[in-house]
Colleague: 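Okay, here's the structure, questions in a sec.
Below, read A as the first sequence line, B as the second, and so on, with proteins coming before strands; counting in each chain starts at 1.
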2 protein chains.
Amino acid sequence: MEIQEGKQKFIESWGKMASDWGINRTMAQVHALLLIAPEPLTADEVMEGLSISRGNANMNLRALMDWGLVHKQLKSGERKEYFFAEKDMWTVVRQIIVHRKKKELEPMLKVLDEVANVEPNCPESETFCNVVKDIRLLSNKANQTLDTLIKADSGWFSNIFLRMVR
Amino acid sequence: MEIQEGKQKFIESWGKMASDWGINRTMAQVHALLLIAPEPLTADEVMEGLSISRGNANMNLRALMDWGLVHKQLKSGERKEYFFAEKDMWTVVRQIIVHRKKKELEPMLKVLDEVANVEPNCPESETFCNVVKDIRLLSNKANQTLDTLIKADSGWFSNIFLRMVR
DNA sequence: TTATATTTTCAATATTTTTTGAAAACAAAA
DNA sequence: TTTTGTTTTCAAAAAATATTGAAAATATAA
């Protein structure tokens, strides 16, 4: 495989995987492009590299910065903005966890808490109450675990996995 | 909150959460409806309960059975099919992991392996090679961890989480 | 066998999500 | 100040995804 073909394939797969997980495909492709770029890129280079419009490039670069996966670099004497991706994969994973946890898991927990307040009526709705109880238990455990992961450093990450697969 | 309102809210949130994660919203709502139903439901009851068409109900019930989250029950003397959800939450989580791992993580790993074969040319593309190397390492670890989780029983699940948050 | 109940399929339609591109906003330089 | 290069916005268009509903297929009963 040509190196250029490999890069192309990597960008495509990263985008495909992301869209399977409910993340905008182009956002992931911009991320992939910056991940494998040896130097920071301008918005124009991103547009060119992925054949996307200026608006699209701009929106997805902002979103990536919002997720903490991409940063801006200003070169002195230059007017253009340069963008580069966080290269440490553990930090990438951590940032994704932080973002999705806040935007998705936490609101779900909130709803579950609200819903759990129907418990007084539970004898008449046993199945419902049991399901809510079990999901709350599981989600809270997942939430705690994610908090631990977020706080853990790169070394801890490996350790946690090692402990789990042992 | 009324119990009926609580059920409604639960179905909606379950659907919302799923669609955030790239899973069809209606599929998750059907799942939620069956989860909190004290007895198995017919396709007609699902249609009625969620105000969806017969085709939609049918497709999503099939998908849920394909994921191993819903099962069919035939009542003797009756012609209709009844559907009920797997209620054990750890089994639910396990089935979701099994399904998504097979459909998404494994294909990604395959692509990464292919892409990694450009390594001979790596000195000329250091950044790319490093990124691929790191992602492969991480994905393989995640893959192993998921395999362990899948094999683990309900008790193990709690243990693993407890070990991680300790 | 034929009639009837039920499920499945899938082309057409509707909805949601993403992308475009040009105008507006902004910011540095002249 | 005005000009020029650059980024941001967002309404309209395009693309992707989900849903409908009626016809076809299937299965049970008569």
Colleague: Specify the separation, in whole Å, of atom CD1 of Ile52(B) and atom P of dA14(C).
Modeller: 18 Å
Colleague: Measure across Asn143(B) and Leu109(B) and return the closest heavy-atom pair with its distance rounded to 0.1 Å.
Modeller: ND2-CD1, 3.5 Å
Colleague: Does Asn58(B) make a side-chain N or O approach to OP1 or OP2 of dT7(C) shorter than 4.0 Å?
Modeller: no
Colleague: Check the distance between dT17(D)'s C1' and Asp20(B)'s CG and give it to me in whole angstrom.
Modeller: 16 Å
Colleague: How many Å lie between CD on Glu81(B) and C1' on dT26(D), as a whole number?
Modeller: 11 Å
Colleague: Do other residues, nucleotides or ligands put more than 12 heavy atoms under 6.0 Å from Glu106(B) CD?
Modeller: yes
Colleague: Might you confirm whether atom CD of Glu78(A) has over 12 heavy atoms from other residues, nucleotides or ligands at distances under 6.0 Å?
Modeller: yes
Colleague: Rounding to a whole Å, what distance do you find between Asn24(B):CG and dA16(D):C1'?
Modeller: 13 Å
Colleague: Could you state the CZ-P distance from Arg54(B) to dA23(D), rounded to the nearest angstrom?
Modeller: 14 Å
Colleague: Is it the case that dT4(C) (base atoms only) and Arg79(B) (side chain only) share a donor and an acceptor within less than 3.5 Å, ignoring hydrogens and angles?
Modeller: yes
Colleague: Take Phe83(A) and Asn56(A), find for each the nucleotide of DNA chain D with the closest heavy atom, and name the residue whose nucleotide sits nearer the 5' end.
Modeller: Phe83(A)
Colleague: Is Arg100(A) close enough and on-axis enough to Trp21(B), meaning under 6.0 Å and within 45°, for cation-pi?
Modeller: yes
Colleague: Could you check how far CG of Leu74(A) sits from P of dT7(D), rounded to whole Å?
Modeller: 10 Å
